[in-house]
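Notes to accompany the following structure.
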Amino acid sequence: MTLFEKIANHEIPAKIVHEDDDLVAFHDINPQAPHHIIIIPRRPIASINEVEPNDAELIGKMVILAKELAQRLGVSDSGYRLVFNCGAQGGQTVEHVHLHLIGGRQLHWPPG
Ligand code: 5GP
């Protein structure tokens, strides 16, 4: 079982901000900005490389939830960033697909 499945199952504590049948969202343990939320599907797809066409609705739900959480956090107007890291050079460290929602400060481009 992946670390994030254990968080979704409440086997590892996390500050969960949203749960539904498909998705769980929680605070990142090592936040990179004042707001840093991780959004995961309950189903443990390893990475974006493993996403299939019939996952389109699920991935879309992740983006819609990110938008809603950004509104709840009050960063919709100031701006925020959504990131899927994929693979080693993409910076992915947990092999359970996840969307980072990062906001609350000026973010820079390109990322490091
Ligand atoms: P990645 O580097 O794979 O894109 O993102 C993984 C994220 O998960 C990192 O930002 C890291 O801080 C976060 N993370 C790793 N372990 C834990 C944990 O046990 N709890 C929480 N809440 N976040 C974690």
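Atoms within each ligand, like the ligands themselves, are counted from 1 in listed order.
Ligand 1 lies within reach of Phe4, whose nearest heavy atom is under 4.0 Å from it. At least one heavy atom of Val94 sits less than 4.0 Å from an atom of ligand 1.
Here the closest non-hydrogen pair linking Ala25 and Leu65 is CB-CD2, 4.3 Å. Minimum heavy-atom separation, Ala46 to Gln92: O-NE2, 3.0 Å.
Among all non-hydrogen protein atoms, the one lying nearest atom 14 (N) of ligand 1 is Ile29 CG2, 3.8 Å. The protein atom (non-hydrogen) at minimum distance from atom 2 (O) of ligand 1 is Gly91 O, 2.8 Å. Looking from atom 9 (C) of ligand 1 to the surrounding protein, the closest heavy atom is Asp28 OD2, 3.3 Å. For atom 22 (N) of ligand 1, the closest heavy atom belonging to the protein is His27 O, 2.9 Å. The protein heavy-atom contact nearest to atom 3 (O) of ligand 1 is Thr93 N, 2.7 Å.
Looking at Lys61 and Asp20, no side-chain N of the basic residue comes within less than 4.0 Å of a carboxylate O on the acidic one, giving no salt bridge.
The shortest side-chain heavy-atom distance between Asp22 and Glu57 does not fall under the 4.5 Å cut-off. Looking at Val94 and Ile38, their side chains never come closer than 4.5 Å, going by heavy atoms from C-beta outward. The closest side-chain heavy-atom distance from His96 to Leu3 is not below 4.5 Å. By the 4.5 Å heavy-atom criterion applied to side chains, Thr2 and Glu95 are not counted as neighbours.
The local environment of CD in Glu11 is crowded, with over 12 non-hydrogen atoms from other residues, nucleotides or ligands closer than 6.0 Å.
With a 4.0 Å heavy-atom cut-off, ligand 1 is reached by the side chain of Ile7 but not by its N, CA, C or O. Using a 4.0 Å cut-off between heavy atoms, His100 contacts ligand 1 through its side chain alone, with no backbone atom that close. Of all the heavy atoms of Leu3, the ones lying under 4.0 Å from any atom of ligand 1 belong exclusively to the side chain.
Proximity to His98 (heavy-atom distance under 4.0 Å) selects the following atoms of ligand 1: 1 (P), 3 (O), 4 (O), 5 (O), 6 (C). Close contacts of ligand 1 with Asn30, meaning ligand atoms under 4.0 Å from a residue heavy atom, involve 12 (O). Heavy-atom contacts of Phe26 reach the following atoms of ligand 1: 22 (N) (cutoff under 4.0 Å).
Considering backbone and side-chain atoms alike, Asn85 places an N or O below 3.5 Å from some N or O of ligand 1.
If you look at His35 and Tyr80, their ring centroids are not closer than 6.0 Å.
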